[in-house]
Enquirer: 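One structure, pasted below without further comment.
Note: hydrogens, waters and symmetry copies are ignored here, and every other heavy atom, side chains too, is used.
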Amino acid sequence: MDPTTRLRLSLGFVSTVMSMIFGTNKGRKNLLSPGAIEILYSAYFSRICMGDIAGMLEISPSSATDLVNYLEREEYVKRVPDEENRRSIQVIPTEKGEEWILSTEEKIYGFLESGLSRLTPDEQKQFADLCARFSGVYDTASFTSSMRSFRETGSQNRVPLIQRRNGRLLRLEEVVDARYAHPRETDIKEEHMTLKPRIPETTEGIQDEITVEQYDHMQRGLRDAGHLPVEELVRTSKPGDSALEIGPGPGYFGLEWLKHTKKTHLTGLEISPAMIRMAEKNSQDYGLSDRTTYREGNALSMPFADNCFDRVFSNGSLHEWEDPGRVFSEIYRVLKPGGGFAVSDLRRDLSPEIYQFMLGSCQGPEIKKGFQTSVQAAYTKDELEILVQDIGFSWLQVIAHPYGLVVVGEK
C-alpha cells in the first residue's frame, strides 16, 4: 500500500479514536459540541475574551455567545472582567471545566502512550520529530498558526478524486490505485522560505514616542500570552544576583525576571531615551523601580566596570547590534568570573508558517514593518556560531528553535 493511503488510514483511525474520547461521535447527544470544546481548551491554555471567540471559530458573534452561555450554564466556564481592560470580558474555565480537560487528556495520553509502547525509545523520538515536521506543529504557538493557516487555505489543497469512466463514477480505491501505483512527480511542491542575504536594520533603536507606545502594547500582549520565556533565566539565577539587560525596550522581559527572583537588581542598557522612559514607567507599575536602573548607552562600549554583573541577558535586540562580536566581547568583560549570559533573538530562516503567524501578531503598520526588517536583519545559527567562536567564554552554545536563536554561555 502506498505511503499516502497508509497515512490516510492511520490518521482516519486516530481521528475516530479522538472523536470517541471527546464524545463528539454521538451527534446531538454530545454534552459538549466541537465548538464548545475548542472554547474550553482555548480558555484553559491561553487568554481569550468574548470578542475573540467568533473570529477564532469563524462563526457569528451570536453563535459564539450561545456557546459560551451553554458552557457557563453547565458551569464549565465563567465570565470575568479583564483586569487590564474593564470594557472587555474574559472567559476562563471553572474547576469543573479544568477537571473535564484533565480527565479527557488522561484518555488521550493513555492512547498515545499505548501506541508509543510499540516503538523503541529511539523510534519514539524519531516518530515525534517526523510528526512535528509533517504537521508544522512544534509547540502551542505553532499549533495556533497551523490551525489558522489550515482554516484559510486547507480546502484549496485538493487531490482530484472525483472521476468518471464511461459515465460511471469511479470508486475511491480505483482512483487512488491509479494515482499512487507508480512513482511520479507530485503536483504539490513543498514550500521553503528562500534565505535572503542579511540586511542590517537601524542601530538607533525605536526613538519616536508613538512607535514606542505601539511596541509597548505589542510586548505587553506577548507577556500576557506567556511568550516572554524567562523560566530558564529564573531557574539559573540566585538570590541577590545583579543582572545587565541589553536593549530592554519597554522592559517587560527583565521585569518578569525581577518579579520571579529574590533580592536581585536589574540594570538596563538602552540606546533610545523614549524606551527608557517607557521602561521606567513600567517598572513603577510593577512596583520594582527600587530594583531597576536604566542607562542610556551603546552596547559597543558599555559604561560599566569589568567583572561587575552576575548575569547578562538580552531578548530581541541582537539583530540591531552594529558589531555583534564586539558586543559579545563587552559581555565577557562586564561579567564576573563564573557569570552566565543568555541572548535570544529572531532568526532569518523562519519557516513561512511561523513568519506569517508572528507577522499577524504585530499590530499597527509600523510594528509590522519593523518585524519584517528585523527578520531580514537577523542571523542564522551558522552565522552566529562564527561570530561568537573566538570570544573566550569557558562554555558557549548556540541553540536554534522554530521561532529564533538563543546563545548561552559562561565566563
Side-chain angles (χ1 to χ4, degrees), residues 1-30 32-39 41-42 54-60 63-64 67 107-108 111-112 114-116 118-119 123-124 126-138 141-195 350-357 359-360 402:
M1 186 178 292
D2 62 272
T4 305
T5 302
R6 289 177 62 194
L7 185 60
R8 168 67 185 87
L9 291 173
S10 295
L11 293 182
F13 169 71
V14 172
S15 176
T16 302
V17 170
M18 289 298 179
S19 295
M20 294 171 66
I21 289 174
F22 279 109
T24 55
N25 62 321
K26 301 174 184 176
R28 295 181 179 275
K29 296 181 180 180
N30 289 342
L32 296 180
S33 68
I37 291 171
E38 187 167 351
I39 292 173
Y41 265 82
S42 298
M56 179 181 76
L57 298 180
E58 296 182 329
I59 59 178
S60 67
S63 296
L67 284 172
K107 290 179 282 187
I108 293 175
F111 167 64
L112 295 176
S114 175
L116 286 171
R118 293 191 284 269
L119 307 178
E123 288 173 335
Q124 291 178 17
Q126 183 182 22
F127 177 71
D129 290 341
L130 290 173
C131 285
R133 287 172 56 191
F134 173 81
S135 64
V137 174
Y138 299 88
S142 55
F143 175 88
T144 302
S145 65
S146 294
M147 287 297 296
R148 179 186 297 149
S149 176
F150 183 80
R151 284 195 177 104
E152 293 173 353
T153 64
S155 60
Q156 300 173 14
N157 297 327
R158 295 193 178 195
V159 170
L161 298 176
I162 300 177
Q163 299 181 25
R164 287 180 169 81
R165 184 183 299 150
N166 299 326
R168 179 177 69 86
L169 184 65
L170 298 184
R171 287 182 54 79
L172 175 64
E173 59 269 22
E174 295 178 275
V175 183
V176 168
D177 287 347
R179 181 179 179 86
Y180 297 108
H182 305 288
R184 62 178 187 83
E185 293 216 4
T186 178
D187 296 327
I188 304 172
K189 297 181 180 179
E190 184 179 359
E191 291 186 25
H192 293 282
M193 178 175 249
T194 302
L195 185 61
L350 289 170
S351 73
E353 296 81 10
I354 290 178
Y355 179 87
Q356 290 300 325
F357 168 73
L359 181 64

Enquirer: Go through the structure and list residues passing side chain to side chain donor-acceptor pair (under 3.5 Å) with S63, not counting sequence neighbours.
Expert: S60
Enquirer: What pairs with F127 under ring pair (Phe, Tyr, Trp, His ring centres under 6.0 Å), at least two apart in sequence or on another chain?
Expert: none
Enquirer: Please list, chain by chain and in numerical order, all residues satisfying side-chain contact (heavy atoms from CB on, under 4.5 Å) with A36, sequence neighbours excluded.
Expert: L32, S33, L67, L71
Enquirer: Roughly how far, to the nearest 0.5 Å, is CD of E123 from CG of L130?
Expert: 11.0 Å
Enquirer: For L169, is the CG atom crowded, meaning more than 12 foreign heavy atoms sit under 6.0 Å from it?
Expert: yes
Enquirer: Which residues pass the salt bridge (Lys or Arg N to Asp or Glu O under 4.0 Å) test with R171, not counting sequence neighbours?
Expert: E173
Enquirer: When rounded to the nearest 0.5 angstrom, what distance separates CZ in R6 from CG in L9?
Expert: 10.0 Å
Enquirer: What residues form a side chain to side chain donor-acceptor pair (under 3.5 Å) with R168, not counting sequence neighbours?
Expert: E174
Enquirer: Give a yes or no on whether the backbone of L11 and the side-chain of S15 come within a donor-acceptor separation of less than 3.5 Å.
Expert: no
Enquirer: Would you check if the side chain of Q124 reaches a backbone N or O of L116 as a donor-acceptor pair within less than 3.5 Å?
Expert: yes
Enquirer: How far does OG1 of T16 sit from CD1 of I21, to the nearest 0.5 angstrom?
Expert: 11.0 Å
Enquirer: Nearest 0.5 Å please: distance from the CD atom of Q163 over to the CG atom of L170.
Expert: 6.0 Å
Enquirer: Does L359 have any side-chain contact (heavy atoms from CB on, under 4.5 Å) partners at least two apart in sequence or in another chain, and if so, which?
Expert: Y355, Q356, K368, F371, Q372
